[in-house]
*Asks:* 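I'd like to ask some things about the structure below.
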Amino acid sequence: MSSQKEEGQGQGQAGSALFPTYARFPITMVKGEGSKLWDDQGNEYLDFASGIAVTNLGHSPKQVRDRLVAQLDELWHVSNLFHIPNQDRLAVLLTENSFADAVFFCNSGAEANEAAIKIARRYNAKVLGNDRYEVITFQTSFHGRTLATLTATGQDKVKEGFHPLPVGFVHAPYNDAEALQSCVTDKTCAIMLEFVQGEGGVIPATPEFVAEVVRLCEQHNLLLIADEIQTGMGRTGKLFAYEHYGVEPDIMTLAKGLGSGFPIGAMLGKAKLREAFSAGSHGTTFGGTPIATAAGIATIETMLEERLSERAAELGDYIQAQLREKLAGNPLVKTVRGLGLLIGIECTGPVGDFVSTMHKRGLIIISAGPNVIRLLPNFYVSVEEADRGVGIIAGVLAEQAALAEGAATAKN
Ligand SMILES: *Cc1c(COP(=O)(O)O)cnc(C)c1O
């Protein structure tokens, strides 16, 4: 009843009619172009977050925009009860450029992982004819916010208050080849892995660890699910992060960078998984609409034509080298790590205040866990922009180190 509503709802207080699910920065962006963002006060920012690895081609990239506008004039939506040529085209582009043979389109990362978990279980039930259902995932991993994917996620904070959780998920320590073997049971059907943990703090998997994951999958006939929602679409300097390791997953999930900002997710799999799904076994209303898949086609075509994965690799190496040089000797900085343009600066303590100060200096950057500053520049960032971003980071961290030292001296 309206009389019982809280005062102030929808009366101009930002966020008052929204559930408080996000700790938002006190900035309201109103325009973006390339690497630049502008807020409602007219301030300009250099964007090193890319909407968390989403706008990999920068804001409003012309190639994607033109394709979307053309599609808007043709057809927006038609049910998956009909053929959708853009879906076929994007599926061909994705399978021709990856290990995969078949694609299912959805709308988000969590949904892509749901589809991956479902097909892994159903492949075991319907094709292999066994009763295995357990998925091994890793501590500090992130796989999404639906009930199954938050259960898969190796972080307790996303689970609080949501019990009972679905059964069938086991969490092994990440980058610990020895501990993994004892997690495999006669119920295990799959191992789900981020080749670089993104939300968990920008932590690349070691080659030895990946080799052990693959060995166990082969030994026990387990499916390897690569969660490439953050690492995929060129972010790590290859089109997909698994390419760095010389291995192939059986299933891969994509979302963030796939549509350059238009929502789209995808679950890709090897040919043997085809028979696990049949008409009616999985689906979604909005998965792979003509518009969403137009965004995906334009994104991947642009990436391939302009060799943007290679550019991400070069730019990533450059930025990481610059960060190492400019941050050398800073007592607040533990290490700089990452792969391509997925870069983390691990600090000795919480980085929230550093991130806010960088925003005030005109650099949009985010964290990954409490102690890691995360950089996710777009693939077109110029050397001048890279230098400017690194300069702001180094400047703020030098100031903060001096402040911390001053405080320590004053105490003594
Ligand atoms: C962001 C992310 C997800 C979840 O994607 P949503 O689109 O937010 O549902 C899952 N896995 C990884 C590795 C991610 O980075």
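Keep in mind that the numbers below use all heavy atoms, side chains included, and drop hydrogens, waters and symmetry copies. All ligand and atom numbering here is 1-based and tracks the order in the structure.
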*Asks:* Is the ring pair F195/Y245 parallel, tilted or perpendicular, if the boundaries are 30 and 60 degrees?
*Replies:* tilted

*Asks:* Consider every N or O of A110 and every N or O of ligand 1, then say whether any pair is closer than 3.5 Å.
*Replies:*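 Min N/O separation from ligand 1 is below 3.5 Å for A110.
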
*Asks:* What do you reckon, does E194 have a nitrogen or oxygen under 3.5 Å from a nitrogen or oxygen of ligand 1?
*Replies:*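 Looking only at distances, the answer is no, because the N/O contact criterion of under 3.5 Å is not met.
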
*Asks:* Heavy-atom contacts with K256 under 4.0 Å: which atoms of ligand 1 show up? List them by number with element.
*Replies:* 1 (C), 2 (C), 3 (C), 14 (C), 15 (O)

*Asks:* Could you tell me, atom by atom, which parts of ligand 1 come under 4.0 Å of a heavy atom of Q230?
*Replies:*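 The atoms of ligand 1 under 4.0 Å from a heavy atom of Q230 are 15 (O).
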
*Asks:* So which atom in A190 and which in I225 form the shortest heavy-atom distance, rounded to 0.1 Å?
*Replies:* CB-CD1, 3.9 Å

*Asks:* With L341, which of I319, D317, N56 fulfils side-chain contact (heavy atoms from CB on, under 4.5 Å)?
*Replies:* I319

*Asks:* Over all heavy atoms of both residues, which pair between A172 and I136 is shortest? Give the atoms and the distance, please.
*Replies:*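 Smallest heavy-atom distance, with atoms named: CB-CG2, 4.0 Å.
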
*Asks:* For G144 and ligand 1, does the shortest N/O to N/O distance drop below 3.5 Å?
*Replies:*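 Among all N and O atoms of G144, none is under 3.5 Å from an N or O of ligand 1.
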
*Asks:* Consider side-chain contact (heavy atoms from CB on, under 4.5 Å). Of I119, V135, N124, I191, which one does L223 pass it with?
*Replies:*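 Only match with L223 under side-chain contact (heavy atoms from CB on, under 4.5 Å): N124.
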
*Asks:* Please state whether the rings of F209 and F138 are parallel, tilted or perpendicular, taking 30° and 60° as the class boundaries.
*Replies:*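 Rings of F209 and F138: perpendicular, over 60°.
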
*Asks:* Would you mind telling me if ligand 1 is within reach of the side chain of N113, the backbone, both or neither, using heavy atoms under 4.0 Å?
*Replies:*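 For N113, only side-chain atoms sit under 4.0 Å from ligand 1.
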
*Asks:* Quickly, which of L90, L308, L57, L258 forms a side-chain contact (heavy atoms from CB on, under 4.5 Å) with T299? Name it, please.
*Replies:* L57

*Asks:* Using a heavy-atom cut-off of under 4.0 Å, does the side chain or the backbone of S108 touch ligand 1, or both, or neither?
*Replies:* both

*Asks:* With a 6.0 Å cut-off on the ring centroids, do F99 and Y242 count as close?
*Replies:* yes

*Asks:* Using distance alone, decide if ligand 1 has a nitrogen or oxygen within less than 3.5 Å of any nitrogen or oxygen in E199.
*Replies:*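 In fact, backbone or side chain, E199 has no N or O that close.
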
*Asks:* Strictly inside 4.0 angstrom of atom 8 (O) of ligand 1, do you find any protein heavy atom?
*Replies:*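 No, there is none.
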
*Asks:* Can you confirm, on distance only, whether ligand 1 has an N/O atom lying under 3.5 Å from any N/O atom belonging to D227?
*Replies:*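 N/O-N/O distance under 3.5 Å: yes.
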
*Asks:* Would G109 count as being in polar contact with ligand 1, using the rule that some N or O on each side must be under 3.5 angstrom apart?
*Replies:* yes

